[in-house]
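Below is one structure, written out as structure tokens, with a few remarks after it.
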Amino acid sequence: MGSPASTPQEIAREAVRLLAARRLPPTPENFQAAYHEVAGTRPLQPFPLAQLRQIAQALPERTPAQVRFKALFNKAVARHSWDDLEKLLVQHLGTAPAATAPDGGASPTPAAAVPACAAAQPASPSDAAGEAPIAPEIAEQAARVVDVALPLVAADDARLREMGEELVRYLRLPQHHAATLKRMLADYAWRLSFGVDEQLGVRQALLGLLKQVFEHIDAISPDNPWLRQQMQALVQAAEPPLSQRRLEDLQARLKDVIVKQAEAREQTLRAQELMRQTLATFLERLAQTTVSTGQYHAKFEACAQALERAESLADMAPVVQEAIQTARAFAADTQRVVDELTDLRDRADRAEAEVQRLRRELDQMAELVTHDLLTGVLNRKGLQSALDRETRRAERTGTRVCIALLDVDDFKRLNDTLGHLAGDAALKHLADVARRSLRPQDTIGRYGGEEFIIVLPDTTPEEACGVVQRLQRDLSAHLFLQGEQQVLITFSAGVTELRRDEPVEAAIARADAAMYKAKRAGKNRVMQG
Ligand SMILES: Nc1nc2c(ncn2[C@@H]2O[C@H](COP(=O)(O)OP(=O)(O)OP(=O)(O)O)[C@@H](O)[C@H]2O)c(=O)[nH]1
């Protein structure tokens with residue numbers, strides 16, 4: 001090569017010469033390579049539009065975050081912007097960018113630099129220039145928001161947890177670098193949006209699955225009204241929004257349904273088997289007895305006719321002999337039938353004893369049931385567990401719990417005038433209205449005959465009185481229908497707070513005393529005790 005080429009024309013001429021000397025075909029690629037070799041420059045790589053569009057096409061669009069990501073990716077490709085693409089990928093993956101940019105130059109520091117480093121870097125004055133400092137208490141609040149939500153939102157995403165922890169650490173530093181914090185928050189929010197979408201999807205799918213299971217159990221349940229009612233309550237309870245209390249209620253109800261189902265199935269199977277056996281044997285014996293009795297009857301009849309025809313003692317002797325033998329055979333046959341029937345009765349007795357034993361076992365199982373069969377709300381046992389649970393929760397969270405004891409007014413008169421069945425339906429009506437009227441965190445249970453207890457977590461006595469009064473208004477607005485007749489049901493209630501230093505029974509006694517005060521004061525009112 002002679003003196004170095006300096007103008008583009010000279011470089012081009014020199015490049016052609018180089019190709020000829022190397023006997024290379026003058027294709028655009030070969031010419032471009034030779035040109036850069038002569039000029040001493042690096043070849044510029046063209047933006048791989050087609051390949052990137054192909055990648056964009058393959059990107060999934062299942063979640064809103066994925067749709068957003070794809071749109072931004074397409075935008076960056078359309079603008080031929082390596083910078084935007086790099087930023088997007090770094091944000092998405094939450095990892096450091098490549099050391100070298102695709103154009104061969106040094107990579108510019110992207111806006112979304114690695115948060116792990118950001119926390120350790122001191123703030124540079126230029127970076128913070130023009131940015132107002134963040135008040136420490138606001139930073140602490142932000143740190144708490146991120147920290148408290150982390151176990152929930154990052155349960156299945158280790159990277160999000162890391163980013164969250166770094167963010168919390170950074171927020172708790174004495175000084176903050178506004179640009180760094182902005183960047184870390186943007187990264188965290190971006191990653192969080194994926195996690196939240198995912199969790200919402202999982203939650204929806206699980207609820208759908210649960211509903212399907214309940215519907216399936218309902219379809220195969222024996223035709224029992226209580227079971228049917230519980231299954232409907234389960235399907236309703238599986239509707240969003242979910243809460244821990246609702247899930248606990250779901251669990252308790254499902255346990256009841258399982259116990260009751262086992263009970264119903266066992267009893268039906270046993271009873272069916274016993275009936276089948278007894279009936280079959282009875283029919284068999286009946287048929288045998290009828291046939292053999294008919295045969296003996298015919299034989300005795302023949303003997304009687306022979307005796308009538310006999311003219312001498314000698315004629316009678318064989319007939320009497322025959323009659324005696326027939327009578328003996330008849331007695332033996334009858335004894336056999338009697339023996340068999342006795343055996344059958346013994347077996348029936350043993351089966352009956354077995355059924356009794358099973359019933360006792362099932363009664364013990366039924367004691368595990370936590371819901372009232374008539375009204376579907378918690379029974380006394382279920383109430384006890386709810387009270388224990390809420391007391392523990394209140395101790396843990398430092399909150400207050402109140403209870404309200406409700407007693408239906410003049411219920412005896414309602415029973416006497418409309419009948420006991422109408423009384424039952426009235427109790428069910430009250431429970432239904434209460435379930436709709438109460439807040440999701442409140443729990444209602446049947447304490448006894450026409451008495452109910454409502455457990456009101458995180459509630460002051462004044463607020464509890466308000467809740468119970470609202471229920472009274474709802475009950476007046478939704479009259480109980482007995483045939484054509486509309487009946488107003490009212491109740492008196494006593495409200496009190498569960499104190500930490502006393503057993504639950506003491507609080508119930510106080511609520512009971514307050515309820516009696518409400519009765520004495522004219523009924524249909526709430527008193528605080
Ligand atoms: N139908 C029906 N009646 C019930 C049930 N449990 C209790 N009772 C009846 O409820 C009535 C309660 O009567 P009382 O205790 O005299 O109270 P009351 O008539 O409501 O009068 P006050 O409480 O003073 O308003 C009794 O007659 C019980 O038999 C039930 O499950 N179904």
Side-chain angles (χ1 to χ4, degrees), residues 224-230 232-233 252-253 256 259-260 263 363 366-367 369-384 386 403-438 443-455 464-465 467-496 505 507-529:
N224 173 319
W226 183 84
L227 270 180
R228 186 113 295 157
Q229 185 193 353
Q230 288 300 303
Q232 280 163 6
R253 276 180 196 278
D256 290 358
V259 170
K260 279 277 157 196
E263 183 180 337
D363 281 349
E367 278 174 22
V369 168
T370 51
H371 285 80
D372 176 46
L373 295 187
L374 173 66
T375 57
V377 299
L378 291 180
N379 60 16
R380 214 170 166 134
K381 182 180 161 59
L383 255 177
Q384 190 59 52
I403 56 166
L405 194 141
L406 279 52
D407 186 290
V408 181
D409 294 329
D410 304 317
F411 194 55
K412 186 170 178 330
R413 199 175 61 209
L414 191 146
N415 265 332
D416 292 346
T417 48
L418 299 176
H420 207 78
L421 282 182
D424 284 357
L427 292 177
K428 195 171 168 323
H429 174 76
L430 186 143
D432 289 345
V433 173
R435 262 197 303 242
R436 269 180 272 134
S437 170
L438 294 175
T443 309
I444 182 163
R446 191 169 171 204
Y447 188 58
E450 80 292 15
E451 283 185 333
F452 293 84
I453 284 185
I454 304 176
V455 188
C465 285
V467 172
V468 178
Q469 279 160 349
R470 192 184 58 223
L471 172 58
Q472 287 184 313
R473 284 196 298 278
D474 286 348
L475 210 52
S476 312
H478 299 93
L479 295 177
F480 166 56
L481 267 185
Q482 174 61 20
E484 299 285 282
Q485 201 175 341
Q486 292 190 324
V487 185
L488 170 66
I489 302 170
T490 64
F491 63 80
S492 305
V495 165
T496 195
E505 291 70 32
I508 295 179
R510 213 168 35 250
D512 198 42
M515 184 273 291
Y516 272 105
K517 258 197 228 166
K519 290 264 184 198
R520 281 199 300 276
K523 303 187 181 176
N524 193 18
R525 64 196 67 212
V526 187
M527 292 273 187
Q528 204 175 309

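For ligands, and for the atoms within them, numbers begin at 1 and follow the listed sequence.
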State which residues pass side-chain hydrogen bond (donor to acceptor under 3.5 Å, both in side chains) with R510; sequence neighbours excluded, sorted by chain then number. T496, E502
Kindly tell me which protein residues have any non-hydrogen atom under 4.0 angstrom away from an atom of ligand 1, grouped by chain and ordered by number? D407, V408, D409, D410, F411, K412, N415, H420, G423, D424, L427, R446, G449, E450, K519, K523
Taking NZ, NE, NH1 and NH2 as the nitrogens, is one of them in R446 or D372 under 4.0 Å from a carboxylate oxygen of the other? yes
Spell out, as yes or no, whether a donor-acceptor pair under 3.5 Å connects the side chain of Q528 to the backbone of A514. no
Answer yes or no: is there an ion pair linking K428 with D432, defined by an N-O contact shorter than 4.0 Å? yes
Charged N-O contact under 4.0 Å between D407 and K519: yes
Begin from the C-alpha positions of E450 and L430 and carry the test side chain to side chain contact (heavy atoms under 4.5 Å, CB included) through to its verdict. CA-CA 10 Å; E450 80 292 15; L430 186 143; over 6 Å; no
